[in-house]
Amino acid sequence: MSEISELRPTEILLSEAQIQKRVAELALDIRHDFPDDLHVIAVLKGAFIFLSDLIRHIPGHVSLDFMAVSSYAKGTTTSGEVRLLKDLDTALSGRNVVIVEDIVDTGLTLTYLQDILLNRNPKVLRTACLLSKPSRRQIDVKVEYVGFTIEDRFVVGYGLDYAERYRNLAHIAVLG
Ligand code: IMP
């Protein structure tokens, strides 16, 4: 049997209710910091559920764009290599931009994205991530809005996958 078929979601790390409460708080923090112009960039695919819940809790106008990067092939270890698979549709010049990421692990993906986006002259660039694993960091990347800080465990659900599985779970579970 392959490794992929043996690993499954085990204990629930964050329940649906815990996630929803925290996402609503993050949304209000972001709106508070950017009451007028706010442009949100979600990183596909992992951030799509976080994004959709987050923006529904942000009152007023918010514009959206998407990027896609690949940092993991299959399995639970990073290759350290980041590839841009889909670029933005709109310019960032003079905008208040918030990157929305699912999880910051080594920090390589986010550092790569922040470098690319800073070169496009946004007025402000900040980052929101649902989860952060600080013990895994290889680069000291700045994240202004963190949903939950977690231990070094591979997690799935709420948009996060293992070999394209389990993104549709409403909670976040440890893979084991
Ligand atoms: P980093 O470049 O090592 O920070 O990795 C960031 C990306 O790795 C995330 O956007 C996820 O796609 C993936 N990743 C890291 N840790 C996990 C995890 O525990 N579960 C699922 N995906 C993860």
Side-chain angles (χ1 to χ4, degrees), residues 12-69 71 88-153 155-161 167-174:
I12 295 179
L13 189 67
L14 295 164
S15 69
E16 182 175 3
Q18 281 176 294
I19 297 170
Q20 292 300 328
K21 179 171 178 285
R22 185 69 188 123
V23 170
E25 289 168 359
L26 289 175
L28 294 182
D29 288 350
I30 293 171
R31 180 86 279 172
H32 174 266
D33 294 348
F34 303 106
D36 303 317
D37 176 54
L38 175 60
H39 188 57
V40 169
I41 295 177
V43 185
L44 297 171
K45 302 175 202 171
F48 80 106
I49 293 182
F50 177 35
L51 171 86
S52 68
D53 282 342
L54 186 77
I55 59 166
R56 283 180 287 176
H57 286 290
I58 297 178
H61 178 67
V62 50
S63 54
L64 293 182
D65 208 342
F66 295 91
M67 285 184 109
V69 294
S71 50
L88 300 175
D89 295 333
T90 49
L92 301 184
S93 182
R95 305 291 310 271
N96 296 323
V97 176
V98 176
I99 303 172
V100 173
E101 248 292 34
D102 52 2
I103 185 164
V104 186
D105 186 31
T106 63
L108 294 170
T109 308
L110 188 56
T111 301
Y112 172 86
L113 284 172
Q114 289 180 346
D115 287 349
I116 291 185
L117 300 184
L118 275 174
N119 271 325
R120 303 191 183 175
N121 300 314
K123 185 169 157 201
V124 178
L125 181 68
R126 292 196 182 169
T127 303
C129 70
L130 183 69
L131 305 174
S132 174
K133 290 188 215 172
S135 64
R136 295 259 311 157
R137 238 21 135 257
Q138 289 178 22
I139 302 182
D140 185 21
V141 65
K142 198 166 173 190
V143 183
E144 287 82 1
Y145 309 98
V146 177
F148 301 92
T149 296
I150 63 168
E151 311 266 296
D152 178 12
R153 305 173 87 180
V155 291
V156 293
Y158 199 72
L160 289 153
D161 76 310
R167 292 194 197 275
N168 54 323
L169 299 178
H171 59 268
I172 290 176
V174 175

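Taking Asp29 as the reference, nothing meets the side-chain hydrogen bond (donor to acceptor under 3.5 Å, both in side chains) condition, with sequence neighbours excluded. For Arg120, the side-chain hydrogen bond (donor to acceptor under 3.5 Å, both in side chains) partners are Asp87, not counting sequence neighbours. For Gln18, the side-chain hydrogen bond (donor to acceptor under 3.5 Å, both in side chains) partners are Ser15, not counting sequence neighbours. With sequence neighbours excluded, the residues that form a side-chain hydrogen bond (donor to acceptor under 3.5 Å, both in side chains) with Thr127 are Gln114. Every residue meeting the side chain to side chain contact (heavy atoms under 4.5 Å, CB included) condition with Arg22, not counting sequence neighbours, appears here in chain and number order: Glu25, Leu26, Phe148.
Of the candidates Leu14, Leu160, Leu169, Leu160 is the only one forming a side-chain contact (heavy atoms from CB on, under 4.5 Å) with Val155.
Residue pairs that meet the salt bridge (charged side-chain N to carboxylate O under 4.0 Å, His left out) test with at least one member in residues 54-63, sequence neighbours left out, are Asp53-Arg56.
Taking CE from Met67 and CD from Glu101, the interatomic distance works out to 11.0 Å, rounded to the nearest 0.5 Å. Note that CD of Glu144 and SG of Cys129 are 10.0 Å apart. Values are rounded to the nearest 0.5 Å.
In this structure, Arg137 contributes its side chain and Thr106 its backbone to no donor-acceptor pair below 3.5 Å. Counting only distance, with no hydrogens or angles, the side chain of Lys123 and the backbone of Ser93 share no donor-acceptor pair below 3.5 Å. Here the side chain of Asp65 pairs a donor or acceptor atom with the backbone of Thr90 at under 3.5 angstrom.
The minimum heavy-atom distance between Arg31 and His61, with the atom names listed, is NH1-O, 3.0 Å.
Under a 4.0 Å N-O distance rule, the pair Asp37/Arg95 qualifies as a salt bridge.
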